[in-house]
Protein chains: 2
Amino acid sequence: MFRQGDTTKGIFFLASGGICLTRVTESGNSVTIYNAQTGDMFAEASIYSDHYHCDAICTAPSEVVRISKQAIQKQLREDTAFSEGITKRLAVQVQDYRQLLTLHALKSANDRVLLAVELGKLTGSVTQFANQIGLTKEACYRALRDLSDQGLLTKTGRGRYAPTPRSEDRLP
Amino acid sequence: MFRQGDTTKGIFFLASGGICLTRVTESGNSVTIYNAQTGDMFAEASIYSDHYHCDAICTAPSEVVRISKQAIQKQLREDTAFSEGITKRLAVQVQDYRQLLTLHALKSANDRVLLAVELGKLTGSVTQFANQIGLTKEACYRALRDLSDQGLLTKTGRGRYAPTPRSEDRLP
DNA sequence: GGTAACATGTGATTTCAATCATATTCGGAT
DNA sequence: ATCCGAATATGATTGAAATCACATGTTACC
């Protein structure tokens with residue numbers, strides 16, 4: 001998509017595929033900054049700088065929408081609702097990332113899986129879920145079984161688990 | 001400054017000192033979200049939520065300016081430059097968090113420490129550094145020693161390490 | 001000067017997730 | 001209808017980081 005040092009041409013929305021953002025550090029090593037997945041937006045900060053500070057490389061055939069820098073800047077100045085929407089969206093993203101970081105900070109697989117399920121992260125396949133929370137699928141299945149055995153989770157079907165309702169939550 | 005769950009009273013500017021933003025997880029662990037240094041602003045995302053979702057604790061005697069939520073909301077509507085500044089700050093934060101997540105996704109202690117040092121995360125104490133990147137200080141010290149032995153890092157002093165410059169960077 | 005608190009650093013042991021292996025089930029394509 | 005690939009699920013082994021333990025160095029304070 002673009003290279004480190006290129007003049008910024010806008011922000012990007014990844015409709016499908018995969019984009020890897022990498023950056024060459026001062027010591028000359030190339031390091032991964034972010035792996036964008038389907039539905040992600042990236043290079044938001046490029047609105048405010050003249051050149052990209054990382055490479056964006058396709059890791060799979062991808063469909064990408066580019067929104068031009070000029071269009072964004074014009075809209076940000078002229079449309080208050082748009083500006084407010086962008087700001088709020090960024091603020092929410094910050095909170096989401098903090099939540100994800102909190103999750104990743106838990107070392108125990110059981111703790112991590114339990115919290116992740118309680119946060120509603122287990123929607124698709126367990127394989128995806130495992131990848132998202134930084135565990136192998138095997139460790140994930142085992143944690144899910146352990147937590148079900150302990151009564152903290154309830155198995156609602158093949159590959160489906162839900163938090164066991166706490167007694168306080170029950171209504172007459 | 002404030003505790004997780006307190007009703008939001010505004011955003012903060014750290015004129016001097018140090019503030020550590022931590023979040024207590026359900027299992028009772030305290031994890032570092034952000035280490036604010038002199039000149040940093042923090043709790044920007046609180047503009048759009050009713051309560052703080054982390055603790056802000058002084059790590060040093062600090063001078064802090066609080067800007068009230070009402071004033072912020074008024075200014076966001078009326079001052080374009082101000083609004084732009086806030087948006088930019090949030091965009092940069094999103095990138096920082098993505099970077100931190102990428103860092104936490106590395107399982108090997110050596111890989112993680114090397115990347116973190118290259119990204120310039122080792123500024124203060126190794127203990128703080130270790131906490132920030134999700135390792136114990138012991139694992140951190142060992143990784144730093146390994147990487148120094150391998151020639152990937154250079155020990156510049158007690159508790160001080162820097163990436164070994166790559167040969168390509170040298171100029172005649 | 002003395003000492004208390006904390007950072008640096010390393011060695012020994014344990015624990016737990018990664019890895020390897022394998023069986024079963026489900027869904028989509030032929 | 002059946003063949004194949006992917007997801008689910010679990011057992012055995014291994015390896016690396018956490019934990020425990022301890023020594024030294026540094027800073028701040030009385």
Side-chain angles (χ1 to χ4, degrees), chain A residues 16 18 37-38 60 101-117 121-150 152-162, chain B residues 16-18 20 22 25 27-32 35 37 57-62 101 103-117 121-150 152-162:
Chain A
S16 73
Q37 304 297 321
T38 296
L101 269 173
T102 305
L103 197 61
H104 276 72
L106 296 174
K107 336 122 262 97
S108 151
N110 282 20
D111 291 352
R112 202 133 109 203
V113 167
L114 179 59
L115 182 55
V117 171
K121 302 273 179 202
L122 178 49
T123 50
S125 74
V126 177
T127 307
Q128 275 192 309
F129 173 72
N131 185 47
Q132 192 182 13
I133 68 173
L135 290 173
T136 58
K137 53 180 167 40
E138 292 96 331
C140 228
Y141 285 124
R142 272 185 260 275
L144 288 166
R145 179 159 54 93
D146 281 3
L147 293 165
S148 299
D149 289 351
Q150 289 171 38
L152 295 167
L153 292 183
T154 308
K155 185 165 184 167
T156 57
R158 187 181 158 84
R160 318 255 42 177
Y161 301 81
Chain B
S16 75
C20 189
T22 61
T25 65
S27 56
N29 294 45
S30 176
V31 298
T32 300
N35 270 306
Q37 305 297 322
I57 307 293
C58 294
T59 53
S62 305
L101 272 172
L103 198 61
H104 276 72
L106 296 174
K107 333 123 266 102
S108 151
N110 282 18
D111 291 353
R112 204 134 108 204
V113 167
L114 179 58
L115 180 55
V117 172
K121 302 274 180 202
L122 178 48
T123 49
S125 75
V126 177
T127 307
Q128 289 259 81
F129 173 73
N131 185 44
Q132 194 178 16
I133 69 173
L135 290 173
T136 58
K137 55 179 164 45
E138 292 95 331
C140 228
Y141 285 124
R142 273 185 259 273
L144 288 166
R145 179 159 54 91
D146 281 4
L147 293 165
S148 298
D149 288 351
Q150 290 171 37
L152 296 168
L153 291 183
T154 307
K155 186 164 184 167
T156 57
R158 186 180 158 85
R160 318 255 41 178
Y161 300 82

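Just the heavy atoms: all of them, side chains too, but no hydrogens, waters or symmetry mates, feed the values below. Each chain gets a letter, A, B and so on, in the order its sequence line appears, and its residues count up from 1.
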Q. Once you round it to whole Å, what is the distance between P of C:dA17 and CG of B:L135?
A. 16 Å
Q: Specify the residue among A:N110 and A:K137 whose closest nucleotide of DNA chain C lies further upstream toward the 5′ end.
A: A:N110
Q.
What is the distance, to the nearest angstrom, from the CG atom on A:D111 to the P atom on C:dC16?
A. 11 Å
**Q.** Base D:dT19 to side chain B:R142, donor-acceptor N/O within 3.5 Å cut-off
**A.** yes
Q. Which distance, rounded to the nearest 0.5 Å, do you find between the CG of B:L144 and the OH of B:Y161?
A. 5.0 Å
Q. Between B:F129 (CZ) and C:dG9 (P), how many Å, whole number?
A. 13 Å
Q: Rounded to the nearest 0.5 Å, what's the gap from CG on A:N110 to CG on A:L115? Could you check?
A: 12.5 Å
Q: Check the distance between C:dA18's P and A:K107's NZ and give it to me in whole angstrom.
A: 14 Å
Q: Report yes if a side-chain nitrogen or oxygen of A:T136 is closer than 4.0 Å to either non-bridging phosphate oxygen (OP1 or OP2) of C:dA18; otherwise report no.
A: yes
(Q) Between C1' on D:dA17 and CG on A:L106, what's the gap in Å once rounded to a whole number? (A) 16 Å
Q. Are the side chain of A:R142 and the backbone of A:A109 linked by a donor-acceptor contact shorter than 3.5 Å?
A. no
Q. Of all the choices, D:dA9, D:dT10, C:dA7, which nucleotide is nearest to the side chain of A:R158 once you look at every atom?
A. D:dA9
Q) Say you draw a straight line from CZ of B:F129 to OH of B:Y141; how long is it, rounded to the nearest 0.5 Å? A) 11.0 Å
Q. Side-chain N or O of A:Y141 less than 4.0 angstrom from OP1 or OP2 on D:dT8?
A. yes
(Q) Does A:Y161 reach a base, just sugar-phosphate, or nothing at all? Heavy atoms under 4.0 Å. (A) sugar-phosphate
Q.
Taking A:C140's backbone N and O only, do any of them form a donor-acceptor pair with A:R145's side chain (distance below 3.5 Å, no angle check)?
A. no
Q. Of the nucleotides C:dA7, D:dT8, C:dA17, which has the atom closest to the A:S108 side chain?
A. C:dA17
Q) In whole angstroms, how far is the P atom of C:dG11 from the CG atom of B:D146? A) 11 Å
Q. Given atom CD of B:E138 and atom P of D:dC20, what is their separation to the nearest angstrom?
A. 10 Å
**Q.** Spacing of B:L122 atom CG relative to C:dG9 atom P, expressed in whole Å
**A.** 10 Å
Q | Shortest side-chain distance from B:A139, nucleotide among D:dA17, C:dA7, D:dA7 | A | D:dA17
